[in-house]
Asks: 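Please see the structure below; I have some questions.
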Amino acid sequence: MSNVAVIAVGGNSLILDEKHKTIPDQYAATVETAKHVAGMIEKGWNVVLTHGNGPQVGFILRRSELSLHELHPVPLDYCGADTQGAIGYMFQRALHNELHKRGIDKQAATIVTQVLVDKNDPAFQNPSKPIGSFMNAEQAARKRAEEGWQMVEDAGRGWRRVVPSPLPKAIVERDAIHELIHAGFVVICSGGGGIPVYENEQGELVGLEAVIDKDFAGSLLARSIDADLFLVSTAVEQVALNYNKPNQQWLDHMTLAEAKKYLAEGHFHKGSMGPKIQAAIWFLDASDATGSAHHEEWMHHDTSHKRKALITNPENLERALNGETGTRITKD
Ligand code: ADP
Ligand code: MG
């Protein structure tokens with residue numbers, strides 16, 4: 001199958017800004033993104049959509065925290081499942097309505113997605129991803145003692161729980177996603193980077209209190225289903241060198257080698273653009289297995305030459321696909 005696109009949509013596709021956080025606000029933002037995705041579908045793309053969930057998980061954790069005197073807390077892997085379902089519902093409905101308007105007879109379906117990680121990933125020795133609310137030193141000490149949480153001081157703002165962010169190794173529901181996309185469905189999956197699970201000695205899956213980078217998981221997803229396009233939809237129209245500096249330079253195109261070089265030179269911030277560029281590099285570089293699970297189907301024939309990565313914002317998706325804007329990354 002050709003024309004398979006994995007679109008990784010960032011937080012801004014769901015929450016535009018601090019003042020627009022309610023569920024109706026999030027739905028309205030989803031509708032905007034769905035219009036552009038529907039535009040791609042209309043042009044013949046087979047779309048697999050993945051999305052972030054950071055703020056939504058934060059809201060669940062906060063609700064859980066405020067109601068602890070009355071209700072059981074929600075473990076992190078269940079927060080992931082809850083948000084995949086709720087955000088999946090938003091995209092399913094928004095896409096249904098948008099496709100209906102355009103007279104396109106296509107259905108969107110969400111798959112609650114588990115993503116396998118390695119229990120020996122060094123990230124488990126060094127939890128780095130802050131989650132949940134800020135606490136004072138005393139509250140932090142109590143959580144450390146009672147729940148075994150790892151806590152860090154965040155630049156004077158207080159204490160916060162940190163969890164490991166291991167690399168994704170395999171998409172557990174990969175075959176279901178592959179079947180659905182080949183049967184003509186629009187698939188929403190691997191939300192929030194997927195629910196991190198590991199395989200114990202009995203071969204059972206066990207959920208983890210960890211989070212997976214959604215751009216890394218999106219890249220693995222794109223490789224696993226042999227997508228042609230890995231499209232990162234974020235808050236900027238293009239990627240820049242010397243971002244936010246006087247000598248800033250917007251990029252229309254990077255080769256794989258250039259992307260690696262610029263990344264090493266520190267042009268892409270670690271917590272934002274860096275993972276997107278790394279994700280694009282892993283997608284294009286089939287010879288580099290770092291952070292990927294070599295699925296048999298694509299292990300035996302290197303299809304990475306037909307692949308293209310593209311980074312832009314939701315409103316420019318269609319223009320970027322026409323080569324009018326965005327930053328394109330190709331093998332050569
Ligand atoms: P998302 O929610 O989509 O993952 P992030 O905030 O994590 O979004 O990453 C996108 C952000 O990365 C942009 O809004 C921009 O502020 C920032 N950024 C960092 N370095 C660069 C760069 N070199 N070029 C463009 N944007 C950059
Ligand atoms: Mg991000």
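Atoms within a ligand are numbered from 1 in the order they appear, just like the ligands themselves.
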Asks: Counting only heavy atoms and a distance below 4.0 Å, can you name the residues contacting ligand 1?
Replies: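 Lining ligand 1 at under 4.0 Å, by heavy atoms, one finds Gly10, Gly11, Lys214, Thr234, Ala235, Val236, Gln238, Val239, Ala240, Tyr243, His267, Phe268, His269, Gly271, Ser272, Met273, Lys276.
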Asks: Any carboxylate oxygen within less than 4.0 angstrom of a Lys/Arg side-chain nitrogen, looking at Glu258 and Lys261?
Replies: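 No salt bridge links Glu258 with Lys261.
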Asks: Salt bridge check: are Asp226 and Arg307 linked by an N-O gap of less than 4.0 Å?
Replies: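 A salt bridge is present here (some side-chain N lies under 4.0 Å from a carboxylate O).
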Asks: Ring-plane angle category for His178 and His182, please: parallel below 30°, perpendicular beyond 60°, tilted otherwise.
Replies: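 Tilted: the ring planes of His178 and His182 meet at 30° to 60°.
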Asks: Look at the aromatic rings of Trp250 and Tyr243 and report parallel, tilted or perpendicular, splitting at 30° and 60°.
Replies: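 The rings of Trp250 and Tyr243 stand perpendicular, inter-plane angle above 60°.
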Asks: With sequence neighbours left out, what residues match Gln248 under side-chain hydrogen bond (donor to acceptor under 3.5 Å, both in side chains)?
Replies: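 With neighbours one apart ignored, the set is empty.
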Asks: In terms of side-chain geometry, is the basic nitrogen of Lys260 or Asp285 positioned less than 4.0 Å from the acidic oxygen of its partner?
Replies: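 Looking at Lys260 and Asp285, the cut-off is met.
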